[in-house]
Amino acid sequence: MDNAKVDKIVEKHKKDSCQLIGILQDVQKVFNYLPKSALDHLAKKLDIPESQVYNVATFFKAFSLNPRGKHIVHVCMGTACHVRGAKRIMEDVARELSIPEAGGNTKDMEHTVEQVNCVGACALGPVIIYDGEYHGSMTPEKTLKLFKK
Amino acid sequence: MKRQRLNSQESLKKYREALVKARDPNQKVITVCGGTGCIAYGCKKVVEAFKTELEKQGLTDKVKLLVTGCHGFCERGPLVVIRPENLFYQRVKAEDVPEVIEKTVKNGELIERLQYEGKDKKKILKEEDIPFYAKQQRTIFGFNGYVDPKSIDDYIAIGGYSALPKALLEMTSEKIIDEVKKSGLRGRGGGGFLTGAKWEICAAQADQTKYIVCNADEGDPGAYMDRSVLEGNPHSIIEGMLICAKAIGASHAYVYVRNEYPLAVENLGIAIEQARELGLLGKKILGSDVDFDITVNRGGGAFVCGEETALLNSLMGKTGEPHQKPPYPAISGLFGKPTIINNVETWANVPLIISKGSAWFASIGTEKSKGTKIFSLVGKINNTGLVEVPMGMTLREIVYDIGGGILKDKKFKAIQTGGPSGGCLPEEKLDLMVDFDKLTEAGSMMGSGGMIVMDESTCMVDLARYFIDFLKGESCGKCTPCREGLKQMSGILNRICDGNGTEADIETLKDMSETVKDASICALGGTAPNPVLSTIKYFRNEYEAHIRDKKCLAHTCKKLIKFEINQKCTGCTRCVKTCPTTAISGKVKTVHNIDQGKCIQCGVCVDRCPFEAIDVD
Amino acid sequence: MTKEITITVDGRKVKAAEGLYLLDVLKRNNIYVPSLCHHDQVHPYGVCRICIVEMELNGRRKVMSSCNLKIADGQVFHTTSEKLTKERKILMELMLARSSGAKEVIELAQRLGVEETRFPKEDDGCIMCGLCVKACEQVVGVSAIGFESRGPNRKVSAPFDVEAERCIGCGSCVFICPTNFIKMEDKNHVRKIPLWHVELKMKQCKSCGPDIAPEKQLEYIRNKVKLPENFFDTCLNCRP
Ligand SMILES: Cc1cc2nc3c(=O)[nH]c(=O)nc-3n(C[C@H](O)[C@H](O)[C@H](O)COP(=O)(O)O)c2cc1C
Ligand code: SF4
Ligand code: FES
Ligand code: FES
Ligand code: FES
């Protein structure tokens, strides 16, 4: 069944291996991460070596080879956010969710926290994106509130 | 509405005339910014409220609601501008909407609380009179406030696609290239290479197949003008590429959009569809012999993919590994074919040069940097946002006149231009005229136009470390100097920030910088040491303070600061409750104490304390 | 067919065919420029950067790697400037810090006048030259292995760091690795390359007995050049 999902994505991209990044993005959207079996199948479908797929999947930050949590939290560490205290915010998030400061999954798999570099809302820095929703001008207190729901 | 194909200059002209005729210049238009900044402030709710309210009041025919791309003044979002008067309202909430319609739209009354207030506490009526906008020259970015990015008709009605027939049907390839060359346009993506000269090289290649690429990877963390142009006015990019297609003889283009920009992808996709419907993309465009189409590709989140050779590799389904130039893409690029790759803002300039002429363009700017440039003015500044100014404006004018000075009236310390590959300029350089060459001379760069303002609370060593750590993580890892060099530089900078630096470190950093710059394959490594070199050059005292005195002058390097409670403490115990490590103790209503062994310097207590009773040293 | 051109190297005129790689031309003319990631059998990848030279360009000098630089008429190069010496030394210091135990790195460092590195030492046998990956792709045509991740985390690995399915056990990567980082062991009729997590059964010669090569490799060759089924039943020596 999973392979069928991959097939559909590959067809959508006309089996064009130049679209590998786009294909991986679509695969990740379906599975929430990039499972090995899907990538193996993908390589066969596109007739490219697994090493190329694996290389691309590990090169780009947008891809995750490990399952991710229910909610995706992006903490912006871009320069504009940095000078307005993004590091503090990241530390607070990490402490609150008991995850490493570089980001990661919470034990209960409720949250996956990822650091990103600028989400283009620099005027509102520091910024957190919670499941696609922007939260600007974050303070430590606002951050804690976000997770205390 | 199904549109008919426009197959001649005449049919486009008629189409435009019909659009213009159907539009009343005195029509009331409520413009709501729908850019990413304003979305973050909740403008979608405002738009909904306007829709419901206009319907409720039966005004949908009389008043047009226009949702646009970013207006630039994101700090004050959500923004609403009411035209034709250009009345400017800021921080508009959904609750304000009925009042705006009732008072302002229907009766011409102003709502003071939504107006912009100048420094002298006077309310400012019109968009163009607000200091933030008054000094700008918004030749590219200005259109954003007048078009719905999802409507090709809006773009055509304001004169869009008028350079196209001129280029396709009236000008020869040589003439187009000549105009672009004479305009003096230089690439806005960072390198500042003369666009016309690049096109000329590519046009001269014998190969029949050529490609065009739009670089919308915008990796500079802290800059978002490419995104805003692409989101707000995608047709200007399409038109620019079409003109180049004729000039160099290409029939296909790729737009490589950064992963984090879904709205740009969406709007660009719609724009391409609409252009195809009208026959502005496809075969024999406007009856000329130019065939052209565009594919949109999304990036996967890698700064290095902004580098042109890396970008081309990733367009071919590989990782973003750059290669040594030459060969340049203009000679051997995508699939080994001659390829023109330009930045979003560069493309947006092209139609203007063709329709208004190279002389007009060359009249703006400085001797060697022509036209305007959009900067992303962010950091510790009052008016954060996107500003478009003629080349040659001084940093001071940008920071103080447009930017409104430093947040909370603190002291200006430095401005980082050019993003991670740029440099930090100190106060003495505030009167520097901003153009490609002046910035480079000063040890910084134009880059893609990021401007990050810093006040005294930013530690310059920490900033250098931030950039090197960023670049270390974004390096593709292919070549030794960049991969290993940045790793070691990061190690040294981290050591200095932790108070373990040695006197020799500064010289080692300088030594290594030279090698990393020269020996790296691409300009990521080639420019990475700039923030280190410029901070050493202008703020050496801060490095020395960290190394010799173990002091961080900005009080931000954790290992070098100490939190202590002073006599102002009232014993309110608020800090006790917030401290994550229970380092604070004390009896209610007596001065508290911090256990230095437990303190992790998180600073939560400082934020919490209402009495300024916690000193940082 | 190819045009003969003239370039200038350290003030000396050198004639060569157009489009050759500079490093090859230098070698042929006995001009020493160090190199590490270069190998005649694979396309130059140009990553170690130790082969840098200076090229004159619009009145300035640009530092470029020579192994992957195609020469054109009239170009002027310098191979021994003070700047290059200094930068090569720093590059060696960086490599020495990464791979402090690799004999080849230590020797080249010494040759270039570097005894010690200022940076904290690690002992990673892999210098990231990429030769194994390129050989597997370009010489063997299998692409069983590749790069993983990026920046300082970049490494060579089998996909997902589990058994490299495509690997035929030919050992090309082992032979081409300049630092002996990739180990291979043939024992009990099994070939092991632990880095790629592969263990492959060896085929024995039907007439004299000893291992010839991994079955998978022989199969691969047989399919590629369309040899008869029983072609590899006997070893080279026992063949009629
Ligand atoms: C590390 C690195 C990142 C870059 N990022 C971008 C980018 O995000 N956008 C861009 O337009 N150019 C970027 N460039 C510059 C491009 O390589 C290239 O010069 C540019 O796209 C050419 O277009 P232009 O002449 O219109 O500026 C980057 C260069 C480097 C070395
Ligand atoms: S300089 Fe850095 S980013 Fe550029 S090729 Fe070398 S390792 Fe990759
Ligand atoms: S730096 Fe955080 S949104 Fe731009
Ligand atoms: S997003 Fe609204 S002004 Fe920038
Ligand atoms: S030998 Fe040329 S870069 Fe390694």
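Letters A, B, ... are given to chains in the order of the sequence lines, protein chains preceding strands, and every chain is numbered from 1.
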* Asked: Quick one: what part of Cys70(B) sits under 4.5 Å from any heavy atom of chain A, side chain, backbone, both or neither?
  -> neither
* Mind ranking Ala80(A), Gly125(A), Cys122(A) by heavy-atom pairs under 4.5 Å with chain B and telling me who comes out on top? => Cys122(A)
* Structure fact -> Smallest heavy-atom separation, Asn117(A) atom then Met77(A) atom, equals OD1-O, 4.0 Å
* Structure fact -> With chain A, the option among Gly300(B), Gly222(B), Gly37(B), Cys459(B) that has the most non-hydrogen atom pairs under 4.5 Å is Gly300(B)
* To do: Go through the atoms of Tyr254(B) and report whether side chain, backbone, both or neither lie under 4.5 Å from a heavy atom of chain A.
  => neither
* Asked: Is it the backbone or the side chain of Leu315(B) that comes under 4.5 Å from a heavy atom of chain A, or both, or neither?
  -> backbone
* Relative to chain A, which segment of Ser314(B) carries a heavy atom at a distance below 4.5 Å: side chain, backbone, both, or neither? -> both
* Structure fact -> chain B shares the most heavy-atom pairs under 4.5 Å, among Asn55(A), Asp92(A), Val116(A), with Asn55(A)
* Structure fact -> Looking only at Asn259(B), Thr458(B), Ile600(B), Thr556(B), most heavy-atom pairs under 4.5 Å shared with chain A are made by Asn259(B)
* Asked: Cys74(B), Gly219(B), Gly379(B): which one forms the most heavy-atom pairs within less than 4.5 Å of chain A?
  -> Gly379(B)
* Structure fact -> d(Leu312(B) CG, Tyr211(B) OH) to nearest 0.5 Å is 11.5 Å
* Quick one: NZ on Lys380(B) to CE on Met454(B), what's the gap to the nearest 0.5 Å? -> 9.5 Å
* Asked: Tell me, side chain or backbone of Glu141(A) under 4.5 Å from chain B's heavy atoms, or both, or neither?
  -> side chain
* Minimal non-hydrogen separation, Val453(B) against Val83(A), with atom names -> O-CG2, 4.3 Å
* Asked: Any Lys/Arg nitrogen of Lys87(A) or Asp462(B) sitting under 4.0 Å from an Asp/Glu carboxylate oxygen of the other?
  -> no
* **Portion of Arg298(B) that has a non-hydrogen atom of chain A nearer than 4.5 angstrom** => both
* Distance flag, aromatic centroids of His555(B) and Phe563(B), threshold under 6.0 Å -> no
* Over 60° means perpendicular and under 30° means parallel, so classify the ring planes of His111(A) and Phe147(A), tilted if in between. => perpendicular
* Structure fact -> Applying a strict 4.5 Å limit to non-hydrogen atoms, the region of Glu474(B) in contact with chain A is side chain
* **Point-to-point distance, once rounded to the nearest 0.5 Å, from SG of Cys18(A) to CG of Leu46(A)** => 10.0 Å
* With no hydrogens and no angle check, is any side-chain donor or acceptor of Asn530(B) less than 3.5 Å from a backbone partner on Gly423(B)? -> no
* Asked: How long is the gap from NZ on Lys36(A) to CG on Leu65(A), to the nearest 0.5 Å?
  -> 11.0 Å
* Asked: Just how far is it from atom CD of Glu307(B) to atom CG of Leu524(B), taken to the nearest 0.5 Å?
  -> 8.5 Å
* Asked: Where does Ile381(B) contact chain A at under 4.5 Å (heavy atoms): side chain, backbone, both or neither?
  -> backbone
* To do: Evaluate salt bridge (Lys or Arg N to Asp or Glu O under 4.0 Å) for Glu110(A) paired with Lys70(A), printing each intermediate quantity in order.
  => CA-CA 5 Å; Glu110(A) 272 296 296; Lys70(A) 213 156 87 194; 3.1 Å; yes
* Asked: chain A heavy atoms under 4.5 Å from Lys558(B): which part of the residue, side chain, backbone, both or neither?
  -> side chain
* Search all heavy atoms of Cys557(B) against all heavy atoms of Cys497(B) and return the closest pair with its distance. => CB-O, 3.6 Å
* Residues in residues 98-107 of chain A near chain B [non-hydrogen atoms, under 4.5 Å] -> none
* Structure fact -> Closest non-hydrogen contact found for Val119(A) with Thr36(B) is O-CG2, 4.4 Å
* Structure fact -> Cut-off 4.5 Å, heavy atoms of chain A, and the answer for Phe470(B) is side chain
* **Among the listed options Glu75(B), Arg227(B), Glu218(B), the residue most often paired with chain A at heavy-atom distances under 4.5 Å** => Arg227(B)
* Asked: If you look at every heavy atom in Asp220(B) and Phe303(B), which pair is closest and at what distance?
  -> N-CE1, 3.8 Å
* Structure fact -> Cut-off 4.5 Å, heavy atoms of chain A, and the answer for Phe73(B) is neither
* Structure fact -> Among Thr384(B), Val378(B), Thr319(B), the residue with the most heavy-atom pairs under 4.5 Å to chain A is Thr319(B)
